[in-house]
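Structure, as structure tokens:
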Number of protein chains: 2
Amino acid sequence: MPTSTRFVVAVHILTGLAVSDGKPMRSEDLAYSANTGAVVIRGLLSRLNDAGLTRSQLGAGGGALLAKPAEKIRLLDVYEAVEDTELFSTHRTPPCENCAVGGNILEAMQPVLTRARMALEAELAKTTVADIAADVARLGKFSIPLVW
Amino acid sequence: MPTSTRFVVAVHILTGLAVSDGKPMRSEDLAYSANTGAVVIRGLLSRLNDAGLTRSQLGAGGGALLAKPAEKIRLLDVYEAVEDTELFSTHRTPPCENCAVGGNILEAMQPVLTRARMALEAELAKTTVADIAADVARLGKFSIPLVW
DNA sequence: TTGTGTGTCATCATCACTATTACACACTCA
DNA sequence: TGAGTGTGTAATAGTGATGATGACACACAA
């Protein structure tokens with residue numbers, strides 16, 4: 001089972017905010033770009049707000065803004081902000097306690113699973129939203145800030 | 001979203017076969033240890049058979065066996081045999097093609113996501129079923145082969 | 001004061017996953 | 001050779017997470 005779409009969409013949102021560079025973006029505009037509903041975006045923004053990655057400006061002319069420079073937002077920060085579940089699921093019902101294997105398999109596997117998760121997270125920590133934004137600008141042949 | 005429970009349960013199965021060391025194990029016995037149904041186990045064994053990790057012996061006294069030494073079975077092999085989905089899900093509906101961000105975000109993110117996946121897989125490649133079996137034996141204070 | 005946009009709740013449909021029943025087939029053992 | 005055992009697979013159902021959607025109170029800007 002994969003991660004939810006939340007991670008990729010959240011990076012999409014933050015990249016949008018990064019390229020617009022200080023101009024508030026409405027959830028509706030972000031929803032249009034991500035091809036989803038505004039409420040979905042607002043739900044993600046709520047998590048990103050809690051994580052201190054974005055902030056919102058209410059009222060007319062308002063919208064979402066980055067709470068800190070895009071260079072300071074690692075993809076790992078985004079991942080942790082929006083993903084709820086453990087990377088590896090274990091048995092739905094715990095294995096047989098009395099069995100030689102069942103009673104110890106989870107403890108035996110735990111170190112490997114932890115190492116694998118940390119390896120993945122270390123990779124996500126190497127890239128920032130600014131890196132993604134720069135790559136999007138390169139691919140789209142425009143420069144930051146972009147006027148929408 | 002996490003991986004399915006299939007990965008951990010499949011490792012459980014293979015560890016069981018490894019510690020029983022050549023004695024065929026019935027799907028029902030494996031199901032008891034994993035605390036699930038025999039059909040679930042048979043479904044996993046079917047995938048593991050296809051991947052060349054196990055083989056089955058039909059008829060009375062039959063059951064599942066490792067198709068090669070436990071030292072030669074990496075957790076990565078198991079992972080690939082039983083996990084269907086991509087590690088990272090992208091937008092449910094593709095993002096807006098015409099948008100500066102929407103049209104390029106997936107291409108921009110793809111390298112990072114690939115690196116993260118490969119880092120995870122590299123960790124899973126370092127551990128074998130024999131390693132897990134040895135650890136289970138250590139934790140359970142028994143020696144391999146185990147008589148059930 | 002009016003209008004805009006956020007934040008959140010509730011509801012719904014969809015999908016993957018696991019559990020379970022059923023049964024045909026292949027093989028072993030007596 | 002016949003009986004019994006265990007596998008392999010199909011069909012079905014329940015469950016939980018996810019994403020989509022409508023509604024509405026609240027805060028803020030103009």
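These values consider heavy atoms only, across backbone and side chains, with no hydrogens, waters or symmetry-generated copies. Chain identifiers are assigned alphabetically (A, B, ...) following the order of the sequence lines, protein sequences preceding nucleic acid strands; residue numbering begins at 1 within each chain. These figures come from a predicted structure and were not determined experimentally.
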Mapping A:T93 and A:N49 onto DNA chain C by nearest heavy atom, which one lands closer to the 5' end? A:N49

Show every ring pair (Phe, Tyr, Trp, His ring centres under 6.0 Å) that has at least one partner inside residues 90-118 of chain A, sequence neighbours left out. A:H91-B:H12

Could you tell me which residues satisfy ring-ring contact (aromatic ring centres under 6.0 Å, His included) with B:Y32, sequence neighbours excluded, listed by chain and number? none

Whole Å only: how far is the CG atom of B:L44 from the P atom of C:dT20? 15 Å

Starting at CD1 of A:I13 and ending at C1' of C:dG7, how long is that distance when rounded to a whole Å? 14 Å

Residue A:R26, side-chain heavy atoms: nucleotide from D:dT7, D:dG19, C:dG5 that is nearest: C:dG5

Once side-chain hydrogen bond (donor to acceptor under 3.5 Å, both in side chains) is applied, do any residues pair with A:K126, and if so which ones, sequence neighbours excluded? A:E123

Send over the distance from B:M25 CE to D:dT7 C1', rounded to a whole Å. 15 Å

Rounded to the Å, how far apart are A:L30 CG and C:dG5 P? 13 Å

Any B:T5 side-chain N or O less than 4.0 Å from OP1/OP2 of C:dT18: yes

Show me, pair by pair, the donor-acceptor contacts under 3.5 angstrom made by side chains of residues 128-142 of chain A, not counting sequence neighbours?
unit_1: A:T128; atom_1: OG1; unit_2: A:A130; atom_2: N; d: 3.3
unit_1: A:T128; atom_1: OG1; unit_2: A:D131; atom_2: N; d: 3.2
unit_1: A:T128; atom_1: OG1; unit_2: A:D131; atom_2: OD2; d: 3.3
unit_1: A:D131; atom_1: OD2; unit_2: A:T128; atom_2: N; d: 2.9
unit_1: A:D135; atom_1: OD1; unit_2: A:R138; atom_2: NE; d: 3.3
unit_1: A:D135; atom_1: OD1; unit_2: A:R138; atom_2: NH2; d: 3.2
unit_1: A:D135; atom_1: OD2; unit_2: A:R138; atom_2: NH2; d: 3.4

In whole Å, I'd like the distance from the CG atom of B:N35 to the P atom of C:dT18. 14 Å

Categorize B:G63 for me: base, sugar-phosphate, or nothing, with a 4.0 angstrom heavy-atom threshold over every strand shown. sugar-phosphate

Rounded to the Å, how far apart are A:L45 CG and C:dG5 P? 14 Å

Is it true that, when you exclude B:K68 itself, more than 12 heavy atoms of the residues, nucleotides or ligands shown sit nearer than 6.0 Å to its NZ? yes

d(CD1, A:I41; P, D:dG19) in whole Å: 11 Å

Can you build the contact string for nucleotides 22-30 of chain D? Use B for base contact, S for sugar-phosphate-only contact, and - for no protein heavy atom under 4.0 Å. BB---SBS-

With nearest nucleotide decided by heavy atoms, which residue, A:G62 or A:S46, maps closer to the 5′ end of DNA chain C? A:G62

Is there a side-chain contact between A:S56 and the phosphate of C:dT6, meaning an N or O under 4.0 Å from OP1 or OP2? no

Compare side-chain N and O positions of A:R6 against OP1 and OP2 of D:dG19 and report whether any pair is under 4.0 Å apart. yes

Using only side-chain N and O atoms of A:S27, determine if any of them is under 4.0 Å from OP1 or OP2 of C:dG5. no

DNA chain D: B:G43 or A:T36, which has the more 5' nearest nucleotide? B:G43

Can you measure from CG (B:L45) to OG1 (B:T54) and round to the nearest 0.5 angstrom? 5.0 Å

How many Å lie between CZ on B:R55 and C1' on C:dA26, as a whole number? 16 Å

Report the residues that fulfil salt bridge (charged side-chain N to carboxylate O under 4.0 Å, His left out) with A:R117, sequence neighbours left out, ordered by chain and then residue number. A:E121

